[in-house]
Amino acid sequence: MAADWIAAMRAGDFARAWDISDRDLAALRRAGPVKHQGPRHLQRVWRGEPLKGRRVLVRCYHGLGDTLQFARFLAPLRTIAAEVVVWCQPELLSLIAAVEGVDRVLPLHEGTPEIDFDVDIEIMEIPHAIRASREQAEIRRPYLSVARIEVVPPIGAALSIGLVWDVGAWDRRRVVPPELLRQIGCSGAKLYSLQTGCASRAAQDIGAIDIHTPDVTLLAARLQRLDLCICPDTMVAHLAAGLGRETWIMLHADCDWRWPAAGGRTFWYPTARLFHQAFPGDWSGVLADIRSAILEKLGSPSEPNRLAREHEPGRLG
């Protein structure tokens with residue numbers, strides 16, 4: 001990605017970002033590869049075709065987190081399109097089907113979509129195509145939802161914290177050593193592991209109750225019943241924050257373009273708080289800051305009485 005585009009996106013200067021994208025799109029149309037050729041995650045699907053009044057197929061060719069983050073633009077897309085059909089990862093079908101602006105969802109697979117459409121676009125290209133404003137990105141209410149209720153172990157009156165520490169193959173700098181997470185355990189807080197895969201075995205060493213599930217819809221239901229989610233820059237961060245849950249995101253020193261290079265807040269998610277590495281590879285300072293923030297949260301006089309809250313509808317236990 002071009003450095004000027006990254007700088008514009010980090011600053012939330014969408015108008016500047018789309019001007020840069022226009023420049024790159026013009027170059028692509030002059031000398032770029034044929035549409036739909038090459039690895040999916042490198043394809044530029046939308047080539048400037050008009051979307052107004054047309055049947056639009058939205059292709060989800062990047063990661064699960066990318067689909068969840070950019071699903072917020074499906075509603076403004078639907079205000080100009082005649083129909084919006086989302087061809088998304090099977091794990092996300094029920095979540096995306098419930099997003100405002102979606103007419104139909106289809107499971108993504110290796111073949112071609114079994115549907116007629118007028119124009120197609122990759123989900124991360126939508127904001128450029130519709131010239132989205134920063135205000136359209138700054139959704140101040142949850143745009144993801146889940147109706148399913150899942151019963152998991154009761155939490156009593158403690159601050160319930162869901163944890164993830166490991167990530168996929170893309171950018172392993174995001175991995176947080178699980179042994180460091182032990183230090184955030186404290187009186188008044190209870191840790192729950194949402195970590196999937198082989199890395200989930202570390203839950204016991206951290207002192208976390210393992211409630212992980214590979215089912216993203218079930219995971220969403222469990223996030224709804226936790227007080228806080230702490231995780232690296234991964235799909236769970238976008239899921240939790242998109243659901244409107246309080247989400248603390250641990251970022252390495254050279255974090256991805258979608259996050260500011262410094263500071264604790266992001267316009268993408270009003271309920272998210274960012275914790276940046278001060279030095280590359282050093283997670284100890286991040287975890288020390290998180291522990292301090294947890295202790296401050298537990299001691300805040302504005303924090304609701306948890307003995308009363310444990311009996312609220314939808315709470316764990």
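Values below: every heavy atom of this structure, side chains too, minus hydrogens, waters and symmetry copies. FYI, the numbering just counts along the sequence from 1.
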Problem - Cluster link Phe117 to Leu74, ILVMFWY, side chain under 4.5 Å - result: no

Handout entry: Polar side-chain atom of Arg265 near backbone of Ala272 as donor-acceptor pair, under 3.5 Å
Key = yes

Problem - Candidate pair Glu296 and Arg273, rule salt bridge (Lys or Arg N to Asp or Glu O under 4.0 Å), full reasoning - result: CA-CA 14 Å; Glu296 181 181 0; Arg273 182 173 176 181; 5.1 Å; no

Exercise for the section: Could you check if a side-chain atom of Ser193 sits within less than 4.5 angstrom of a side-chain atom of Ile206, using non-hydrogen atoms only? Expected result: no

Exercise for the section: Give a yes or no answer on whether the side chain of Glu125 reaches the backbone of Val45 with a donor-acceptor pair at less than 3.5 Å. Expected result: yes

Problem - Any residue meeting salt bridge (Lys or Arg N to Asp or Glu O under 4.0 Å) with Glu246, in chain and number order, not counting sequence neighbours - result: Lys297

Exercise for the section: Look only at the side chain of Gln195 and the backbone of Trp165, and say whether a donor-acceptor pair between them is shorter than 3.5 Å. Expected result: yes

Practice task
Would you check, one step at a time, whether the test side-chain contact (heavy atoms from CB on, under 4.5 Å) holds for Arg225 with Ile211?
Solution key: CA-CA 12 Å; Arg225 302 172 68 123; Ile211 60 168; over 6 Å; no

Fill in the blank from the handout: Heavy-atom closest pair (Leu194 atom, Gly162 atom, distance to 0.1 Å) is CD1-CA, 3.9 Å

Fill in the blank from the handout: Between the SG atom in Cys60 and the CG atom in Leu106, the distance rounded to the nearest 0.5 Å is 10.5 Å

Handout entry: ILVMFWY cluster, Ile126 and Leu64 together (side-chain gap under 4.5 Å)
Key = yes

Handout entry: Test item: Glu122 side-chain N/O and Met124 main-chain N/O as donor-acceptor pair under 3.5 Å
Key = yes

Exercise for the section: Indicate, with yes or no, if the rings of Trp87 and His109 have centres closer together than 6.0 Å. Expected result: yes

Exercise for the section: Measure from the side-chain N and O atoms of Arg172 to the backbone N and O of Val167, and report whether any donor-acceptor pair falls under 3.5 Å. Expected result: yes

Problem - Partners passing salt bridge (Lys or Arg N to Asp or Glu O under 4.0 Å) against Arg10 (at least two apart in sequence or in another chain) - result: none

Practice task
Mind listing the closest non-hydrogen atom pair of Val56 and Ala81 along with its distance?
Solution key: CG2-CB, 3.7 Å

Problem - Leu219 vs Thr196, side-chain contact (heavy atoms from CB on, under 4.5 Å): CA-CA, chis, key distance, verdict - result: CA-CA 11 Å; Leu219 174 60; Thr196 58; over 6 Å; no

Problem - Sidechain-backbone polar pair: Gln69 side chain, Asp66 backbone, donor-acceptor under 3.5 Å - result: no

Practice task
Look at the rings of Phe14 and Trp268 and say which category their plane angle falls in: under 30° parallel, 30 to 60° tilted, over 60° perpendicular.
Solution key: tilted

Exercise for the section: State yes or no: do Ile80 and Phe73 share one hydrophobic cluster built from I, L, V, M, F, W and Y residues joined by side-chain heavy-atom distances below 4.5 Å, directly or via other members? Expected result: yes

Practice task
Could you list the residues that satisfy salt bridge (Lys or Arg N to Asp or Glu O under 4.0 Å) with Arg173, not counting sequence neighbours?
Solution key: Asp171, Asp254

Problem - Ile123-Val119 co-clustered via ILVMFWY side chain contacts under 4.5 Å - result: yes

Practice task
Say whether, by atom type as modelled, one donor and one acceptor occur between the side chain of Arg245 and the main chain of Leu239 under 3.5 angstrom.
Solution key: no

Practice task
For atom CD of Glu100, decide whether the heavy atoms of other residues, nucleotides or ligands shown that lie under 6.0 angstrom number more than 12.
Solution key: no

Exercise for the section: Work out which heavy atom in Ile249 is nearest to a heavy atom in Trp259; give both atom names and the distance. Expected result: CD1-CH2, 3.7 Å

Practice task
For Ile121 and Ala129, work out which heavy atoms get closest and say how close.
Solution key: CD1-CB, 3.5 Å

Handout entry: Thr247 vs Leu223, side-chain contact (heavy atoms from CB on, under 4.5 Å): CA-CA, chis, key distance, verdict
Key = CA-CA 10 Å; Thr247 309; Leu223 284 165; over 6 Å; no

Practice task
Could you tell me the separation between the CD1 atom of Ile230 and the CD1 atom of Ile290, rounded to the nearest 0.5 Å?
Solution key: 5.0 Å

Problem - Donor-acceptor under 3.5 Å (Ser160 side chain, Asp227 main chain) - result: yes

Handout entry: Contact check, side chains of Asp256 and Trp170, non-hydrogen atoms, under 4.5 Å
Key = yes

Practice task
Show your reasoning for whether salt bridge (Lys or Arg N to Asp or Glu O under 4.0 Å) applies to Arg201 and Asp166.
Solution key: CA-CA 11 Å; Arg201 298 169 186 167; Asp166 209 328; over 6 Å; no

Handout entry: Pairwise side-chain contact, Leu298 with Cys186, heavy-atom cut-off 4.5 Å (strictly under)
Key = yes

Problem - Shortest non-hydrogen contact between Met9 and Ala17, atoms and distance - result: SD-CB, 3.6 Å

Exercise for the section: Decide yes or no for His238 and Arg258: does some side-chain heavy atom of the first lie under 4.5 Å from some side-chain heavy atom of the second? Expected result: yes

Practice task
Test the Arg72-Tyr269 pair against the cation-pi criterion, namely NZ or CZ under 6.0 angstrom from the six-membered ring centroid and within 45° of the ring axis.
Solution key: yes

Problem - ring pair (Phe, Tyr, Trp, His ring centres under 6.0 Å) pairs, two or more places apart, involving residues 43-62 - result: Trp46-His128

Exercise for the section: Please examine the side chains of Trp283 and His252, heavy atoms only from C-beta on, and report whether any two atoms are closer than 4.5 Å. Expected result: yes

Handout entry: Partner residues of Asp120 under the salt bridge (Lys or Arg N to Asp or Glu O under 4.0 Å) criterion, sequence neighbours left out
Key = Lys35, Arg59

Completion exercise
The reported gap from CG in Leu51 to CG in Asp118 (rounded to nearest 0.5 angstrom) is 10.5 Å

Practice task
Report, as yes or no, whether the 6.0 Å neighbourhood of atom CD on Glu49 holds more than 12 heavy atoms from other residues, nucleotides or ligands.
Solution key: yes

Handout entry: Sub-4.5 Å side-chain heavy-atom contact between Asp4 and Arg16
Key = yes

Problem - Pairwise distance CH2(Trp248) to CG(Leu274) - rounded to 0.5 angstrom - result: 12.0 Å

Fill in the blank from the handout: Looking only at heavy atoms, the pair that brings Gln89 and Gly63 closest together is NE2-O, 3.5 Å

Handout entry: Side-chain ion pair, Arg222 and Asp215, N-O less than 4.0 Å
Key = no

Handout entry: CZ on Phe275 to CG on Leu251, rounded to 0.5 Å
Key = 10.0 Å

Practice task
State plainly whether one hydrophobic cluster holds both Val216 and Leu93, where clusters connect Ile, Leu, Val, Met, Phe, Trp and Tyr through side-chain heavy atoms under 4.5 angstrom apart.
Solution key: yes

Handout entry: Side chain to side chain, Asp22 and Arg131, heavy atoms closer than 4.5 Å
Key = yes

Problem - Backbone of Ala253 reached by a side-chain donor or acceptor of Gln277 within 3.5 Å - result: yes

Practice task
Spell out, as yes or no, whether a donor-acceptor pair under 3.5 Å connects the side chain of Arg174 to the backbone of Pro232.
Solution key: no

Exercise for the section: Go through the steps for Val176 and Leu287 under the test side-chain contact (heavy atoms from CB on, under 4.5 Å), then give the verdict. Expected result: CA-CA 9 Å; Val176 179; Leu287 271 300; 4.0 Å; yes

Fill in the blank from the handout: The side chain to side chain donor-acceptor pair (under 3.5 Å) partners of Arg30 (sequence neighbours excluded) come to none

Handout entry: Note, Arg55 side chain near Val85 side chain (heavy atom, < 4.5 Å)
Key = no

Problem - Distance in Å, Leu163 CG paired with Ile209 CD1, rounded so as to fall on 0.5 Å steps - result: 11.0 Å

